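Heads up: numbering here begins at 1 and tracks the sequence. This one's a predicted model, so the numbers in the text were calculated from it and none came from an experiment.
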Amino acid sequence: MYFFLYTIIAILFLGCIAASIYKYNAKNSPNPPTVNPADMECCGQHEVCEKESLLAAVSKQIEYYNDEELDRFRGREGDEYNEPETEEFRDVLYTMRSEEVAGWVRSLQLRQINLPNDLKDEVFLIVGERRE
């Protein structure tokens, strides 16, 4: 019987010591590294991530890239463009510098203009290359 009682007391004593050590370490340890939620949002390797990161841009001001004629496509879905309309977007895309492409896409999104589906891969490729 005494053996059982001593065992229980020893376990409780060791538990108190472990709890004290844990609390001491928690108080005196350096602050854990903070994780920026924006860093976790996008790996940059997929179309969806690229699109979301463009939407999350800081600037909400609309900037035009000599593409005012594209405003007539406001509200149109990406799969509703015919080939000549897609070529209008492509002409604008390939007349700008590669560092302007992400800003242009942000501008289109703020203007509620969807890119033609046929052009999205090209845009994501250009934006992805700029990030590397």
Side-chain angles (χ1 to χ4, degrees):
M1 168 106 172
Y2 289 114
F3 177 74
F4 180 71
L5 183 62
Y6 290 135
T7 305
I8 297 292
I9 291 173
I11 291 173
L12 289 173
F13 180 72
L14 291 174
C16 289
I17 291 174
S20 298
I21 291 172
Y22 176 78
K23 284 184 179 183
Y24 176 80
N25 286 339
K27 282 184 182 179
N28 295 327
S29 68
N31 292 336
T34 57
V35 178
N36 184 356
D39 294 340
M40 295 174 42
E41 286 180 11
C42 180
C43 63
Q45 298 297 315
H46 305 92
E47 284 184 17
V48 174
C49 294
E50 292 285 342
K51 183 177 177 185
E52 293 302 319
S53 66
L54 291 171
L55 283 172
V58 175
S59 175
K60 299 294 183 195
Q61 183 176 356
I62 294 174
E63 182 177 343
Y64 284 89
Y65 293 81
N66 292 327
D67 64 345
E68 293 83 3
E69 71 276 4
L70 299 179
D71 283 343
R72 72 180 192 276
F73 298 120
R74 177 175 283 135
R76 189 182 292 194
E77 293 300 317
D79 60 353
E80 295 176 356
Y81 294 101
N82 60 35
E83 191 58 36
E85 293 168 339
T86 301
E87 283 303 314
E88 286 186 55
F89 283 88
R90 190 171 279 119
D91 289 342
V92 174
L93 173 64
Y94 287 109
T95 56
M96 66 178 59
R97 296 187 317 261
S98 62
E99 60 266 14
E100 295 176 321
V101 174
W104 177 61
V105 173
R106 277 193 302 273
S107 173
L108 290 175
Q109 290 169 340
L110 291 171
R111 291 156 48 195
Q112 298 164 355
I113 300 170
N114 292 311
L115 277 172
N117 287 348
D118 295 340
L119 195 61
K120 287 180 181 178
D121 289 339
E122 296 170 52
V123 170
F124 294 134
L125 181 67
I126 293 170
V127 172
E129 286 175 354
R130 285 290 306 157
R131 288 186 177 180
E132 295 174 2

Evaluate side-chain contact (heavy atoms from CB on, under 4.5 Å) for Leu110 paired with Glu63, printing each intermediate quantity in order.
-> CA-CA 9 Å; Leu110 291 171; Glu63 182 177 343; over 6 Å; no
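Open room surrounds CG on Asn66; 12 or fewer heavy atoms of other groups in view lie less than 6.0 Å from it.
Follow the hydrophobic side-chain contacts under 4.5 Å out from Leu70 and you reach Tyr94 in the same cluster. In the hydrophobic clustering of this structure, Phe13 groups with Ile21; members are Ile, Leu, Val, Met, Phe, Trp, Tyr whose side-chain heavy atoms approach within less than 4.5 Å, directly or through other members.
For the pair Glu85 and Arg72, the salt-bridge criterion is not met [side-chain N within less than 4.0 Å of a carboxylate O].
Using modelled atom types, no side-chain atom of Asp118 and backbone atom of Pro116 make a donor-acceptor pair closer than 3.5 Å. Between the side chain of Arg74 and the backbone N or O of Arg111, at least one donor-acceptor pair lies under 3.5 Å. Glu122 places no side-chain N or O within 3.5 Å of a backbone atom of Leu119 that could act as its donor or acceptor partner.
Of the inter-residue distances, the one linking Leu115 atom CG with Leu93 atom CG reads 8.5 Å to the nearest 0.5 angstrom. Atom CD1 in Ile126 sits 9.0 Å away from atom CH2 in Trp104 (nearest 0.5 Å).
For the residue pair Asn114 and Phe89, the shortest heavy atom distance occurs at O-CZ, 4.1 Å.
If you check the side chains of Tyr81 and Glu88, you find no donor sitting under 3.5 Å from an acceptor. For the residue pair Arg90/Thr86, the side-chain donor-acceptor check at 3.5 Å is not satisfied.
Using a 4.5 Å heavy-atom cutoff, the side chains of Leu108 and Asp67 are in contact.
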